[in-house]
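Report on one structure; see the data block that follows.
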Amino acid sequence: MPELPEVETVRQGLAKWVTGRRIASVEVRHPRAIRRHLPGADHFAAVLAGHTVIDVCRRGKYLWLPLDSGDAIIGHLGMSGQLLFQPGDAPDEAHLRIRFRFADGGPELRFVDQRTFGGLSVSPGGAELPAEIAHIARDPMDPLFSDADFVANLRRKHTEVKRALLDQTLISGVGNIYADEALWRSKLHGARPTDAITKPAAARLLGHVREVLSEALVAGGTSFDALYVNVNGESGYFDRSLNVYGREGEPCNRCGTPIRREAFMNRSSFSCPRCQPRPRRPVRATS
DNA sequence: CAGCTAGCCTGATTGC
DNA sequence: TGCAATCAGGCTAGCT
């Protein structure tokens, strides 16, 4: 499940292995892996061929690769997307969607995606933040991220705090796993109304978000199966450090109470019933 | 306008 | 054994 630490790990691998290389050809194996590109797969391949990757950037969970043509490749891994470097003679992966060959004849770049929630697109944005992802907020590791703005914007919203953490226009890079982990560290239940969170509590929560993201980044990310891997196909090991996510029924690492699992937006939230009591009242009366 | 949710997708797992 | 239902979940379009 690629969230910020996983995507940043992939970005670093890409930066090392693809910067400065000239794309020789692009092979699109599955049309759904190309996003918002009405001219079609052939055109997508044609506008990229012959151009050199000059950088690898990230905004939240999006990657973008400026080219010397002034265009940029935008990528999102979705749930199961992988960007892998492979020798040209390595057998095709079962879910190989897009293949990039390079003029230097070195390892090719493969976009592999089982569930096709991810995809690539081309933007004329170049080295600037592409317009397609301009709505994505800065992430909390970004030097230009404003803590004060985050606290103010969070408290201005009328929603539940976990929803807010997952809102990529408020703060980017946080997904279901790290949201649950940060809330546990802050002893907050995800259903707590954002407009009732004090400034200090919001600042503490932000600190815990930053803490869990940076610890996971050092560990190379989290993976429960082989779905998230770095560009060399290796999994991270932060899952050993998770305190609540996926630990239903297991003892809380703080108080020993069995971790609870609750339905949340057609998925799951994990929390400690004792450290993170549910708010007493619903967010807001409906009338 | 802000908040919310269905739907996208496939493989592993569970249930009958 | 075999088939069907369930679950995983980031993001966007479109609804209220």
Side-chain angles (χ1 to χ4, degrees), chain A residues 1-8 10-11 29-38 58-64 74-83 93-98 111-121 123 130-137 139 152-183 190-196 209 213 216 221-229 235 239 242 244-249 261-270 282-287:
Chain A
M1 303 85 196
E3 302 180 30
L4 185 149
E6 293 77 27
V7 179
E8 175 59 19
V10 170
R11 189 201 67 77
R29 305 281 303 259
H30 192 302
R32 228 191 95 80
I34 308 270
R35 297 298 159 85
R36 3 177 193 217
H37 196 79
L38 298 177
R58 182 181 60 76
R59 180 76 155 203
K61 302 171 196 170
Y62 280 91
L63 296 165
W64 88 92
I74 301 178
H76 196 289
L77 301 176
M79 256 297 291
S80 53
Q82 306 175 344
L83 287 163
E93 291 77 3
H95 304 290
L96 174 63
R97 307 304 189 195
I98 302 172
F111 179 67
V112 177
D113 191 6
Q114 175 193 105
R115 296 174 204 170
T116 57
F117 273 32
L120 306 183
S121 56
S123 167
E132 292 89 336
I133 54 177
H135 63 290
I136 303 292
D139 69 66
N153 291 336
L154 176 81
R155 299 178 72 237
R156 193 176 296 133
K157 290 178 85 67
H158 305 290
T159 187
E160 299 175 1
V161 64
K162 182 167 177 182
R163 287 181 179 279
L165 287 180
L166 298 178
D167 179 353
Q168 303 297 303
T169 68
L170 176 69
I171 182 172
S172 71
V174 182
N176 202 38
I177 297 175
Y178 298 124
D180 277 3
E181 292 298 315
L183 288 165
R192 290 278 291 273
T194 49
D195 45 10
V209 168
L213 291 179
T222 299
S223 185
F224 301 99
D225 45 37
L227 281 187
Y228 158 69
V229 294
S235 290
D239 54 310
L242 297 175
V244 282
Y245 192 85
R247 294 191 63 235
E248 182 183 17
R261 171 182 180 152
E262 296 169 290
F264 172 78
M265 295 169 73
N266 287 327
R267 55 203 62 156
S268 297
S269 285
F270 298 88
V283 172
R284 182 170 291 266
T286 50
S287 62

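Chain A is the first sequence line, chain B the second, and so forth, proteins listed ahead of strands; every chain is numbered from 1.
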Distances under 3.5 Å between protein N/O atoms and the N/O atoms of nucleotides 1-3 of chain B, please, pair by pair.
{"from": "dG3(B)", "atom 1": "OP1", "to": "H158(A)", "atom 2": "N", "distance (Å)": "2.9"}
{"from": "dG3(B)", "atom 1": "OP2", "to": "K157(A)", "atom 2": "NZ", "distance (Å)": "3.0"}

Can you find a heavy atom in the side chain of R58(A) that is under 4.5 Å from one in the side chain of L4(A)?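 Answer yes - side chains close enough.
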Could you check if a side-chain atom of D139(A) sits within less than 4.5 angstrom of a side-chain atom of L213(A), using non-hydrogen atoms only?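 SC-SC contact between D139(A) and L213(A) ruled out.
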Write down the distance between [atom1] ([X]) and [atom2] ([N]), rounded to a whole number of angstrom.
X: E6(A); N: dA8(C); atom1: CD; atom2: P; value: 17 Å
X: I171(A); N: dG10(C); atom1: CD1; atom2: P; value: 15 Å
X: D180(A); N: dA8(C); atom1: CG; atom2: P; value: 12 Å
X: L166(A); N: dC11(C); atom1: CG; atom2: P; value: 9 Å
X: E132(A); N: dC11(C); atom1: CD; atom2: C1'; value: 15 Å
X: R267(A); N: dT6(C); atom1: CZ; atom2: C1'; value: 15 Å
X: H135(A); N: dT12(C); atom1: NE2; atom2: C1'; value: 8 Å
X: E262(A); N: dA8(C); atom1: CD; atom2: P; value: 14 Å

Looking at every strand, decide which applies to Y62(A) at a 4.0 Å heavy-atom threshold: base, sugar-phosphate, or nothing.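 Here Y62(A) touches the backbone only, sparing every base.
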With sequence neighbours excluded, tell me which residues meet side chain to side chain donor-acceptor pair (under 3.5 Å) with [X].
X: Q168(A); answer: none
X: R267(A); answer: none
X: D167(A); answer: K157(A), T169(A)
X: R247(A); answer: E250(A)

Which residues share a salt bridge (Lys or Arg N to Asp or Glu O under 4.0 Å) with [X], sequence neighbours left out:
X: R163(A); result: none
X: E248(A); result: R261(A)
X: K61(A); result: none
X: D113(A); result: none

What's the angle between the local helix axes at either end of the helix from dA2(B)-dT16(C) to dC16(B)-dG2(C), using five pairs per end and rounding to 10 degrees?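 Comparing the axis at each end, I get an angle of 60°.
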Of R261(A) and M265(A), whose nearest nucleotide on DNA chain C comes first from the 5' end?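 Whichever sits nearer the 5' end wins; that is R261(A).
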Looking at every non-hydrogen atom in both residues, tell me the closest pair between A179(A) and V174(A) and how far apart they are. N-CG1, 3.7 Å
At under 4.0 Å between heavy atoms, which parts of nucleotides 9-14 of chain B does protein reach? Answer with one letter per nucleotide, 5' to 3': B base, S sugar-phosphate only, - none. BBS---
Test of understanding: with side-chain contact (heavy atoms from CB on, under 4.5 Å), list the residues that count as partners of A33(A), not counting sequence neighbours. R97(A), I98(A), F111(A)
Distance check: side-chain N/O of N266(A) vs OP1/OP2 of dT5(B), anything under 4.0 Å? no
Would you say Q168(A) reaches dC11(C)'s phosphate, i.e. side-chain N/O to OP1/OP2 under 4.0 Å? yes
